[in-house]
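Inspection log for the structure reproduced underneath, given as structure tokens.
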Number of protein chains: 2
Amino acid sequence: MGKNENKKKVPETTISRLFVYLREVTELSKIKIKTISSAELGERTNLSDAQVRKDLGYFGQFGVSGSGYSVSGLRDELQKILGKDKTQKVALVGVGHLGSALLSYSGFSKHRLDIVAAFDTDIRKIGKNLEGVLIQSIQEVAQVIKEKKIFLAIITVPLGEAQEVADLLVESGVECILNFAPVSLSVSEGVKVKDVDLSRELETLSYFLDNGD
Amino acid sequence: MGKNENKKKVPETTISRLFVYLREVTELSKIKIKTISSAELGERTNLSDAQVRKDLGYFGQFGVSGSGYSVSGLRDELQKILGKDKTQKVALVGVGHLGSALLSYSGFSKHRLDIVAAFDTDIRKIGKNLEGVLIQSIQEVAQVIKEKKIFLAIITVPLGEAQEVADLLVESGVECILNFAPVSLSVSEGVKVKDVDLSRELETLSYFLDNGD
DNA sequence: TAGATTGTTAATCGATTAACAATC
DNA sequence: TAGATTGTTAATCGATTAACAATC
């Protein structure tokens, strides 16, 4: 029962691309383009037509043979699939350079993610307001997270503190962590963690530059 | 000829993990641990023993049957493979929140990437020094990049300016771009681009939170 | 209708995992 | 030697690409 009657698992890469399609058709609808083919949409997003159709095919049949997809129709479908209407409350721990960047990242406001709490250990920062979010003491994490029923947190603290912070977050009820500290966090079963290591991404790329393709 | 006699292509994911192994064995060597097995190294990096051995196997035979890998030996080999001794000069375009974060990211100083030039359009920022790097006018990009022979650039400008900046960079001789603006850049053949869309990564993760695993 | 484009199946590609003989 | 662990091949898994009948 439920919406997942046909259980072919959707790859994470597909979901990720769906956000790209959504962005694209949202732009197209603004400039009054009515219809787009998978080939055109693929060209605009640097993907193949087959990939576009395959990705959409996981969720239904949105196109019309011979003419393609309705731009506004596809936009609405994608919004429904990706749940853009729901807003996800997020806590941010570590208001350093990167934390501030994420906090002010314009993307958040117009999307499904809303940073509603920020924490730091630095007394000079605590009590201040950044982008409309109050920076609180790390000691209040547990209370605030429970109070506000926050299930997703972003960790932007230094390497040495990341695991400790993660433990605290999980203990407080967080189920999903996006970790920007360059460690692989270990958390209890059921908690979802994604490590985003910017330094490593940069280094990997630069390796491929040096060594050809 | 050259080092790539056996041409089995190394996956980018492998290179990426090599940086993780390097970080781990560097830590281990600091605390005087002499030897580590693929199973132990895998456990510490949340990877399987088979994965560790496979990854290393692309580059040679560094282990000893029955006892594992020499920590310092593996560290040195990985450093050699990843070219940590060489320092790659990098230009950063867009000194906003995220740009500042990357600029100050401690990771850079101790790794192979060195931001040697930063650019912005904001007159209030131009001429200032951030983390020891002079912020220059975007109009000087071409000249500085050629002068300093910079082949890698990081784009942290707003969405609308990214493609324009990319064109300018490529024209100036940049061969590799790490793009943090949420667009898929189109560049001429031969130029390597990696798009890192933090907002999209966040959204993708939060989708999976909402929808179970 | 003829042309265009979908949705979907099959083929391909590539990466991860399992298994095990070789070996210290 | 016996036990442990490697390096590597084969099996599996999963995602991308190609192909094409169905259809507007």
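Any value given below was found using the heavy atoms of this structure, including those in side chains, with hydrogens, waters and symmetry copies removed.
Comparing A:Arg53 and A:Gly66 by the nucleotide of DNA chain D whose heavy atom lies nearest to each, the residue mapping closer to the 5' end is A:Arg53. The residue among B:Pro11 and A:Asp49 whose nearest nucleotide of DNA chain C lies closer to the 5′ end is A:Asp49.
Following rounding to the nearest Å, A:Phe59 (CZ) and C:dT6 (C1') show an atom-to-atom distance of 18 Å. Taking atom CG of residue B:Leu74 and atom C1' of nucleotide D:dT6, one finds them 13 Å apart after rounding to whole Å. Rounded to whole angstrom, the span from the OH atom of B:Tyr58 across to the C1' atom of D:dT8 amounts to 11 Å. Rounded to an integer number of Å, the gap from A:Ile15 CD1 to D:dT16 P is 12 Å. Atom-to-atom, CG of A:Leu47 to C1' of D:dT16 comes out at 11 Å; the value is rounded to the nearest Å. Here the P atom of nucleotide D:dA4 and the CD1 atom of B:Ile36 are 17 Å apart, to the nearest Å. Here the C1' atom of nucleotide D:dT6 and the CD atom of B:Glu40 are 14 Å apart, to the nearest Å. If you take CD of B:Glu77 and P of D:dG7, they are 11 Å apart, rounded to a whole angstrom.
Residues A:Ile81 and A:Phe62 are in side-chain contact: their nearest non-hydrogen atoms beyond the backbone lie under 4.5 Å apart.
Of all nucleotides listed (C:dT6, C:dA18, C:dG7), C:dG7 comes nearest to the side chain of A:Gln61. In the set C:dT5, C:dT17, D:dT17, the nucleotide with an atom closest to the side chain of A:Lys54 is D:dT17. The side chain of B:Ser37 has D:dT6 as its nearest neighbour among C:dT5, D:dC24, D:dT6. For A:Thr13, the side-chain atoms get nearest to D:dA15 when compared with the rest of C:dC20, C:dG7, D:dA15.
Residue B:Tyr69 has a polar side-chain atom (N or O) positioned under 4.0 Å from OP1 or OP2 of D:dG7. Checking the phosphate oxygens (OP1, OP2) of C:dT16, a side-chain nitrogen or oxygen of B:Arg17 falls inside 4.0 Å. Look at B:Gln51 and you won't find any side-chain N or O under 4.0 angstrom from OP1 or OP2 of C:dA15. OP1 or OP2 of C:dT6 lies within a sub-4.0 Å distance of a side-chain N or O belonging to A:Ser38.
By the neighbour-count criterion of 12 heavy atoms within 6.0 Å, atom CD of A:Gln163 is densely surrounded, having more than that number from other residues, nucleotides or ligands. Residue B:Glu164 places its CD atom among 12 or fewer non-hydrogen atoms of other residues, nucleotides or ligands, all under 6.0 Å distant.
No contact: A:Thr14 has no heavy atom under 4.0 Å from any strand. Using a 4.0 Å heavy-atom distance criterion, B:Phe62 is classed as a sugar-phosphate-only contact.
A distance-only check finds a donor-acceptor pair linking the side chain of A:Arg200 to the backbone of B:Ser16 [under 3.5 Å]. Between the side chain of A:Ser172 and the backbone N or O of A:Ile145 there is no donor-acceptor pair closer than 3.5 Å.
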Requested in this report: Could you give me the CA-CA distance, side-chain angles and deciding distance for A:Ser38 and A:Arg53, then say whether side-chain hydrogen bond (donor to acceptor under 3.5 Å, both in side chains) is met?
Outcome: CA-CA 6 Å; A:Ser38 57; A:Arg53 293 198 303 278; 2.9 Å; yes
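Base pairing annotation: C:dT23 forms a Watson-Crick or G-U wobble pair with D:dA4, both donor-acceptor distances under 3.5 Å. Here D:dA10 sits opposite C:dT17 as a Watson-Crick or G-U wobble pair (both hydrogen-bonding atom distances under 3.5 Å).
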